[in-house]
Amino acid sequence: MLQVTDLQKIYSGISVLNISNLVIPDGESFGLVGNNGAGKTTFFRLILDLIEPSFGEVLIDNKTVVRNDSWKTTTGSFLDEGFLIDFLTTEEYFNFVGKLYNKSEGDIANFLESMKDFFNDEILGSKKLIRDFSKGNQKKIGIAAALIGDPKILILDEPFTALDPSSQIRLKRFLNDLQTRLNMTMLISSHDLNHVTEVCKRIVVLEKGKIVKDLNTNADTLKELESYFAV
Amino acid sequence: MLVSDLIKQEWKKSLRSQGFYKNLAVTIMLIFFALYFAVIMLVIGFSLNKILEKADNVLNPMELFNGAMLYIMLFALAFRFIMQQLNTFDLPPFQVLPVKRTTLINFLLLKPLFSPANYFLLLAVIPFAIKGVAGYYSGSVALRFVLSFVLMVWFNSLMAAYLKRKFGSSLLSILTIFLILGSLIALEYFKIFSLFNLSRTIYNFYVLRAFGLWFPLGMVIVAFFLNKLFFHQNYYPESFNRKIKGNKTSTSEISFLKRFGIIGELISMEIKLILRHKRPKSILIMSAFFGLYGLMFYTNDVYAKNNGMLFFVAMFMTGILMLMFGQWLISWDSRHFDCLMTRNIPVRTYIYANYYLMFAFNIICFALTTPYFLFGMRIVYLHLSAFLFNIGVNIYLLIFMSTYNTRRIDLSKSSAMNYQGTTYKSFLIVFPIMILPMGIVWTLSTFFSLAVALWTLSIMGIAGVLLRKPLVNACVNQFNRRKYKLAEGFRESN
């Protein structure tokens with residue numbers, strides 16, 4: 001379970017994120033939408049303890065994340081290229097991350113086999129370094145690495161951007177499968193309202209750091225979101 | 001578009017880059033160093049005449065200097081080959097403009113000749129020419145002497161670029177260079193073949209004859225066209241920036257490290273980082289050069305009595321890898337810092353991984369500098385206590401202090417002389433680490449004896465190794481305090 005209490009981040013006097021109370025129970029797929037600067041990435045970075053909250057805290061399984069290591073064992077995440085190690089080959093990188101989660105070589109090989117469909121034969125088996133891959137393929141690599149440690153909580157920042165259409169559809173199918181099969185908690189931010197309503201059961205709209213809508217996805221959600229963002 | 005326009009653009013680029021203003025402290029520091037060396041050059045230039053006059057009865061100063069000229073040329077060429085960054089530039093913005101290919105190539109080749117660093121040695125050569133050459137011959141000979149030197153600089157600059165583009169700076173080519181230089185010195189020493197005499201003949205001819213300078217000028221032109229030929233053969237713009245190529249993965253798995261679990265994984269990742277990036281690799285090569293410092297100091301009677309200085313040298317050599325890499329210990333990971341912070345790597349494990357890496361560096365350096373033991377027992381004691389002090393005291397200081405370097409380092413974009421990621425803080429680190437122990441040795445050996453000084457530092461070192469747990473804890477706490485500052489600084493590309 002992920003719990004947020006009175007979380008605030010202030011940069012030079014301006015509050016960029018202010019969430020008084022939010023609970024994300026286990027197994028929930030949580031979508032985060034909002035225009036640029038709404039605070040989506042800031043929120044994710046606060047959850048991942050990459051920036052220090054000005055006030056309040058984030059609890060994962062009732063333990064604060066701030067200066068703590070315990071949440072790292074159950075959380076998989078990919079926000080941007082900083083989550084890759086770009087001078088490794090893909091195999092080396094997956095091995096590195098897998099070993100951090102005490103996976104054997106066999107475990108890692110099995111995992112990569114299960115990702116075969118998602119990778120579409122473009123990722124594995126070449127001696128190419130990660131920095132030489134395209135943005136879209138780097139994203140695939142990052143998403144796969146977030147999953148290698150069997151996380152209970154998965155955090156992805158705009159996973160659909162930069163992917164080609166087929167990969168977007170594959171990713172959607174893949175994420176839905178992870179939810180039903182493994183009951184994984186997911187936090188996904190997206191600019192694509194279509195995708196996010198298809199993947200997430202709950203959608204929260206952020207504006208200027210505050211939660212302005214908290215919806216359970218149903219047939220009308222997409223329309224509601226579209227009318228909210230309409231200009 | 002003309003070559004001169006392109007050069008102007010490069011100037012604007014560097015003057016208008018953010019780093020130029022942000023890094024004012026470093027800039028001032030570098031200017032200070034440059035001035036310092038400029039003064040040294042001038043002093044050498046003005047006193048060289050006197051020194052050379054006493055050196056030999058038969059030959060006059062200019063003849064001696066000319067004899068050394070080919071040596072200077074070869075050593076400078078070797079130095080450039082190893083250190084000089086190949087001149088590359090951002091092609092895409094120009095590709096869409098109607099700029100001729102030859103213009104771009106000419107720019108690429110000629111730009112380094114406009115770098116003021118090339119003409120630094122003239123600060124010594126011109127005063128020497130005025131005092132040493134004009135005094136014996138005439139003003140016009142002195143002018144030709146200076147010009148012959150400038151032509152040599154041009155030739156070297158072009159030739160080094162050509163050789164580097166052609167052969168690449170692999171370990172093999174560097175070894176070949178050392179082999180060639182070594183055998184030339186040996187031939188001279190055993191009086192089989194004297195490069196000195198050859199050099200003297202050639203350069204006397206250049207300088208004393210009115211038309212002599214046409215020959216070195218011809219060599220410069222040959223070097224220039226060799227480069228042109230290279231670009232002609234490697235036609236496509238992709239091969240302009242040759243160093244972008246060569247992303248092959250050569251490190252075999254460092255399998256014995258696997259046994260140490262996460263720490264081993266981290267260390268083998270760091271080793272790959274060092275071997276696959278230009279900047280850390282050039283630090284490795286520079287460290288090898290610094291490892292030869294002892295030859296300069298241990299053989300020199302001036303320093304024989306200066307225990308503080310000797311200890312400084314011993315500590316520098318036995319800890320060179322740690323001192324060079326340790327300053328940016330955490331910054332090396334700046335590009336993938338977020339990755340390391342969100343994966344299952346407890347902070348303590350991360351710090352320990354860095355600690356063991358530094359420890360291994362020290363053992364390697366200590367082992368590699370053991371040949372200096374041939375200089376006597378005093379050196380053995382110096383090296384041992386320096387080693388103990390490095391692994392017991394300096395190692396923690398470096399880990400602790402490196403958390404203050406919050407600047408992002410772009411590993412792929414660099415060569416030996418790269419100050420990116422350097423802040424005034426990195427200079428501050430050097431003081432407690434290098435100057436303090438030097439002061440302790442100097443004081444204690446002056447008032448008591450060298451043995452007392454070395455025992456004191458050794459005991460400090462051993463105590464530090466024994467107190468590893470609390471000291472690493474202090475580093476972990478420090479890292480946790482600084483973590484957000486680091487993450488934020490590393491995310492900002494400068």
Side-chain angles (χ1 to χ4, degrees), chain A residues 9 11 41 44-54 65-93 95-105 126-132 142 145-146 148-151 155 157, chain B residues 244-254 257-258 260-266 268-270 272-278 280 332-350 408 410-412 476-477 479-488 490-493:
Chain A
K9 179 69 195 172
Y11 280 117
T41 309
F44 283 171
R45 287 209 173 115
L46 282 164
I47 295 173
L48 295 170
D49 195 32
L50 291 172
I51 48 183
E52 193 174 25
S54 310
V65 297
V66 174
R67 298 192 173 95
N68 196 338
D69 292 321
S70 63
W71 58 271
K72 293 176 186 173
T73 53
T74 54
T75 310
S77 54
F78 181 72
L79 303 192
D80 53 40
E81 298 92 68
F83 285 64
L84 300 169
I85 301 179
D86 64 2
F87 57 87
L88 298 181
T89 65
T90 45
E91 269 90 352
E92 283 172 339
Y93 176 60
N95 259 314
F96 174 74
V97 180
K99 291 279 163 60
L100 296 180
Y101 291 93
N102 300 314
K103 299 282 165 196
S104 71
E105 316 248 310
S126 71
K127 282 274 169 194
K128 230 157 91 170
L129 301 184
I130 291 177
R131 61 174 174 229
D132 299 328
I148 207 167
D150 302 330
I155 300 176
D157 194 12
Chain B
I244 292 169
K245 275 205 279 170
N247 277 346
K248 49 184 180 339
T249 47
S250 55
T251 344
S252 54
E253 282 303 320
I254 301 130
L257 289 173
K258 291 270 147 82
F260 298 101
I262 297 181
I263 291 182
E265 287 298 323
L266 283 168
S268 85
M269 192 267 294
E270 297 285 344
K272 280 179 196 144
L273 183 147
I274 291 170
L275 294 179
R276 286 181 192 175
H277 289 105
K278 187 125 196 177
W332 293 122
D333 293 326
S334 57
R335 277 172 69 83
H336 47 275
F337 194 69
D338 286 352
C339 171
L340 298 181
M341 288 302 103
T342 52
R343 305 283 179 242
N344 187 26
I345 306 167
V347 171
R348 181 178 309 278
T349 311
Y350 178 64
R408 183 192 174 103
D410 199 343
L411 297 156
S412 48
V476 170
N477 291 334
F479 181 86
N480 272 328
R481 263 196 302 275
R482 297 282 308 169
K483 175 179 160 180
Y484 305 104
K485 287 255 160 51
L486 288 165
E488 195 182 336
F490 291 161
R491 236 176 273 132
E492 240 172 62
S493 45

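Letters A, B, ... are given to chains in the order of the sequence lines, protein chains preceding strands, and every chain is numbered from 1.
Ion pairing between A:Glu92 and B:Arg276 holds under the 4.0 Å rule for side-chain N and carboxylate O. Note on A:Asp80 versus A:Arg45: salt bridge recorded, some NZ/NE/NH1/NH2 to OD/OE distance being below 4.0 Å. A salt bridge between A:Glu52 and A:Arg67 is present, with a side-chain N of the basic residue lying under 4.0 Å from a carboxylate O of the acidic one. Classification of B:Arg348 and A:Asp69 as a salt-bridged pair fails, no side-chain N sitting under 4.0 Å from a carboxylate O.
Interface remark: A:Ile51 contributes backbone and side-chain atoms alike to the contact with chain B (heavy atom separation under 4.5 Å). Neither the backbone nor the side chain of B:Leu486 has a heavy atom closer than 4.5 Å to any heavy atom of chain A. In this structure, chain B has heavy atoms under 4.5 Å from both the backbone and the side chain of A:Val66. In this structure, chain B has heavy atoms under 4.5 Å from both the backbone and the side chain of A:Asp49.
When each of B:Leu266, B:Asp333, B:Leu340, B:Asp338 is checked for heavy-atom pairs under 4.5 Å with chain A, B:Asp338 comes out on top. Listed options A:Asp86, A:Leu48, A:Thr75 were ranked by heavy-atom pairs under 4.5 angstrom with chain B; first place goes to A:Asp86. Ranked by heavy-atom pairs under 4.5 Å with chain B, the first of A:Leu84, A:Val65, A:Thr74 is A:Leu84.
For the pair B:Arg343 (side chain) and A:Ser77 (backbone), a donor-acceptor distance under 3.5 Å is present.
For the pair B:Lys483 and B:Phe479, the cation-pi test (distance below 6.0 Å, angle within 45°) is failed.
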